[in-house]
Structure formats: structure tokens, C-alpha cells
Protein chains: 2
Amino acid sequence: MTSDGGRADAPVTEQPLASDAAFLLARANARSLAVAHAALAEFDLRVRSYSVLALAVAEARLSQRHIAEYLRLDPSQVVALVDELQQRGAVAREPDPNDRRAKVVVATAAGRALHAKAERATNAAEREVLGVLDQDDQDRLRDLLYRLAFPD
Amino acid sequence: MTSDGGRADAPVTEQPLASDAAFLLARANARSLAVAHAALAEFDLRVRSYSVLALAVAEARLSQRHIAEYLRLDPSQVVALVDELQQRGAVAREPDPNDRRAKVVVATAAGRALHAKAERATNAAEREVLGVLDQDDQDRLRDLLYRLAFPD
DNA sequence: TATTGTTATACTCTATAACTATA
DNA sequence: TATAGTTATAGAGTATAACAATA
């Protein structure tokens with residue numbers, strides 16, 4: 001590090017931005033994303049495509065519109081992500097009998113197998129990132145983040 | 001969509017991905033980023049340029065390299081951000097007397113004034129996002145995020 | 001008239017490689 | 001030989017508008 005100078009009239013400078021929750025959130029997220037991407041690379045998945053696959057594997061039978069809302073993506077982005085997963089044979093678009101405009105995204109057997117492997121990798125990645133916290137703090141963090149992520 | 005409406009006593013694991021800290025981190029960060037960008041728009045600042053400005057305003061006298069490490073950006077991205085702030089007269093590049101390769105980024109008087117206004121806006125934005133948590137939980141969250149963001 | 005999926009477009013962000021000047 | 005700043009470029013992510021089919 002370069003010159004500190006040791007100013008007498010300035011209080012010991014705290015780390016700049018360190019009290020800014022938005023900055024800390026962004027920096028922690030950047031770390032989490034980098035580790036997750038590294039873990040998913042061997043499955044040719046990105047965090048976004050893995051997330052769509054995870055929703056398709058769940059029993060919720062979400063439409064693309066609902067997937068977009070849940071992942072905070074634009075509906076037009078979901079089109080491309082579902083296209084890619086469908087071309088790989090991991091998901092399929094099924095018509096929604098209640099609304100012929102909507103398409104429900106469901107996982108194929110191959111998609112479920114891919115997800116199971118990828119999930120193990122992301123879980124390992126998460127343990128690596130959260131490893132600096134003990135179990136209680138990890139649970140506390142998840143609870144706090146959930147309330148920020150789903151404020152309604 | 002079949003949802004239980006988020007009952008307080010319902011296990012969050014009923015929602016897909018909700019036990020995935022990386023997903024919650026990403027979703028909370030997306031919300032935080034959107035609110036911060038809206039707050040900074042009137043100053044023609046983005047979150048990234050505001051962050052660089054905040055470091056320039058601090059007394060740390062960081063080089064571009066150190067700014068890049070601190071913000072988890074590539075050094076080449078910092079060049080463009082400093083260029084933009086310098087053209088606006090908000091920061092200046094000063095030579096580091098200890099290393100003639102390095103350039104220290106410092107704020108001008110105009111930059112400090114801009115930062116003061118922008119900081120008030122981002123603080124208000126942060127209060128809006130963190131408002132769903134009481135003060136103790138906000139402090140707890142900041143502590144947990146700090147340990148994730150700076151694991152060393 | 002409003003909504004779902006889709007296409008298209010533009011802009012921002014991210015990642016990488018190479019070059020220069022200094023160390 | 002390695003590092004700080006810079007330039008260039010390509011790919012990923014984000015935001016917006018428009019359109020056809022359907023509600």
C-alpha cells in the first residue's frame with residue numbers, strides 16, 4: 001500500500017464504503033457468483049440457466065412469466081434461457097391448459113439428472129463461500145437475505 | 001401459481017431456490033442495485049462510478065490498482081470510470097511519488113460536493129431497502145455481509 | 001384493452017489479451 | 001521478470017420497445 005501520511009487531525013480512517021450495505025451486498029454477491037460460475041462450468045451451465053433449470057425441476061409448474069418475476073429477469077431474457085435448455089433436452093415447454101398464451105417450463109428426465117449433479121456442485125460452492133460463518137450465522141444470514149429478497 | 005403467500009411459520013424451503021444463499025444474495029442485490037441506480041440517476045452517476053468517487057473522497061489515496069481490488073473490478077474497467085469522473089472534474093489523477101507507474105485517484109472540491117449529495121441519496125435508498133429489517137437486524141446483516149465480502 | 005411469449009436493438013458489465021513505462 | 005496503467009475486443013447481462021396470439 002502507498003503513503004498513509006498519518007494525518008493527525010483525521011480519525012483513523014475506517015474502510016471506505018464498509019458501512020454501506022449495498023456495497024457489501026454487491027461485493028459478497030460478486031464472490032458468490034464467481035465461485036458458483038466456476039462450479040457450474042463443468043456442466044456448461046451459468047448461474048442464470050441453472051436457476052431456470054432449478055425452477056423447472058421444482059413442482060411449481062411455472063410459466064415463463066412467473067420464472068421471470070421470480071428470478072428478477074425480463075421475460076425476453078427467459079425466452080433465450082429456456083431456448084438453450086430446451087435445445088439441450090433439459091427442459092420442455094408445455095401448454096398451460098388454463099391459459100393458451102402461457103407456456104409452462106418443465107424439466108425432462110435428463111434435465112433432472114443434470115440438475116442433481118449441478119446442485120451438488122453449487123452446494124459445495126456455497127459451503128465454500130459461507131464457510132467463514134458458523135452454522136448459526138449462516139442460518140441468520142439466509143433469514144435476513146430472504147426478507148430483503150422477498151420483502152412482501 | 002400455487003403459493004402459500006409467505007406465511008411467517010412456513011419453511012422457506014417450500015419455495016424453490018429459497019434455501020440457496022447465492023440465489024437470495026443475487027435477488028437482494030438486484031433489488032439494492034435497482035434502488036441505488038434510481039437514486040443516483042439525478043447525479044448522472046452509476047453505482048460503479050459512485051463507488052470510485054467514494055474511494056477518491058476517502059483519505060486512503062488509493063491507486064487505480066487498489067481501487068480495482070477493493071471494488072472487485074478489472075483494472076481496465078477502472079481506467080474508464082476514472083476517465084469519466086476526471087472529464088467531469090470530480091477526480092484527478094496524481095502521481096505516486098513512491099512508484100512512478102502508479103496513479104493515485106483523489107477527489108476535487110467539486111467531486112467532494114457531488115459525493116456529499118449522492119451519498120445522501122444512496123443512504124436514503126439504503127434505508128428504503130433495509131427498512132424491512134429492524135435496526136438490530138440491519139446491523140447483524142452488515143456484519144455478516146462484511147465477513148463474506150472480506151473473508152481475509 | 002391487457003397480457004404472454006417472442007423478436008429486435010442498444011447499452012452496460014465482465015473477462016481476457018496485449019502493449020508501454022516503470023520497478 | 002514482474003507490475004501499473006492503458007487499449008482493444010468479445011461475450012454476458014440488462015433494459016426497452018414492438019408485434020402476434022390470446023385473454
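Residue numbers begin at 1 in each chain, while the letters A, B, ... track the order of the sequences.
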Gap separating the [atom1] atom of [X] from the [atom2] atom of [Y], nearest 0.5 angstrom:
| X | Y | atom1 | atom2 | value |
| --- | --- | --- | --- | --- |
| I67(B) | Q64(B) | CD1 | CD | 6.5 Å |
| L45(B) | L85(B) | CG | CG | 7.0 Å |
| L25(A) | D20(A) | CG | CG | 9.5 Å |

Atom pair distance, as rounded to whole Å: [atom1] in [X] and [atom2] in [N]:
| X | N | atom1 | atom2 | value |
| --- | --- | --- | --- | --- |
| R27(B) | dG13(D) | CZ | P | 18 Å |
| R31(B) | dT14(D) | CZ | P | 17 Å |
| I67(A) | dT3(C) | CD1 | C1' | 17 Å |
| R46(B) | dA15(D) | CZ | C1' | 10 Å |
| R65(A) | dA2(C) | CZ | C1' | 11 Å |
| H37(A) | dA15(C) | NE2 | C1' | 12 Å |
| L71(B) | dA15(C) | CG | C1' | 17 Å |
| Q77(B) | dT6(D) | CD | C1' | 13 Å |

In this structure, is the centre-to-centre distance between the rings of F23(A) and Y50(B) below 6.0 Å?
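No.
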Select from D83(A) and L81(B) the residue whose nearest nucleotide in DNA chain C is closer to the 5' end of that strand.
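It is D83(A), whose closest nucleotide lies nearer the 5' terminus.
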Nearest-nucleotide check on DNA chain C, V47(B) vs V82(A); residue mapping nearer the 5' end is V82(A)
[X] side chain, from C-beta outward: closest of [options]:
| X | options | result |
| --- | --- | --- |
| S63(A) | dG5(D), dG5(C), dT14(C) | dG5(C) |
| Q64(B) | dG13(D), dG5(C), dT6(D) | dT6(D) |
| V79(A) | dG5(D), dG5(C), dT14(D) | dG5(C) |

Could you tell me whether E84(A) and R46(A) have a side-chain N and a carboxylate O separated by less than 4.0 Å?
no
Could you tell me whether the side chains of Q87(B) and D83(B) share a donor-acceptor contact shorter than 3.5 Å?
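No - no donor-acceptor pair under 3.5 Å links their side chains.
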Verify whether one side chain among D139(B) and Q135(B) offers a donor that lies under 3.5 Å from an acceptor in the other.
yes
Starting at the 5' end of DNA chain D and moving along, which residue's nearest nucleotide shows up first, V78(B) or P75(A)?
V78(B)
Look at all strands and tell whether R93(B) reaches a base, only sugar-phosphate, or nothing, counting heavy atoms closer than 4.0 Å.
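The answer is sugar-phosphate, as R93(B) gets under 4.0 Å only of primed atoms, P, OP1 or OP2.
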In 5'-to-3' order, the base (B), backbone-only (S) or no-contact (-) status of each nucleotide in nucleotides 17-23 of chain D, using a 4.0 angstrom heavy-atom cut-off, is ----BBS
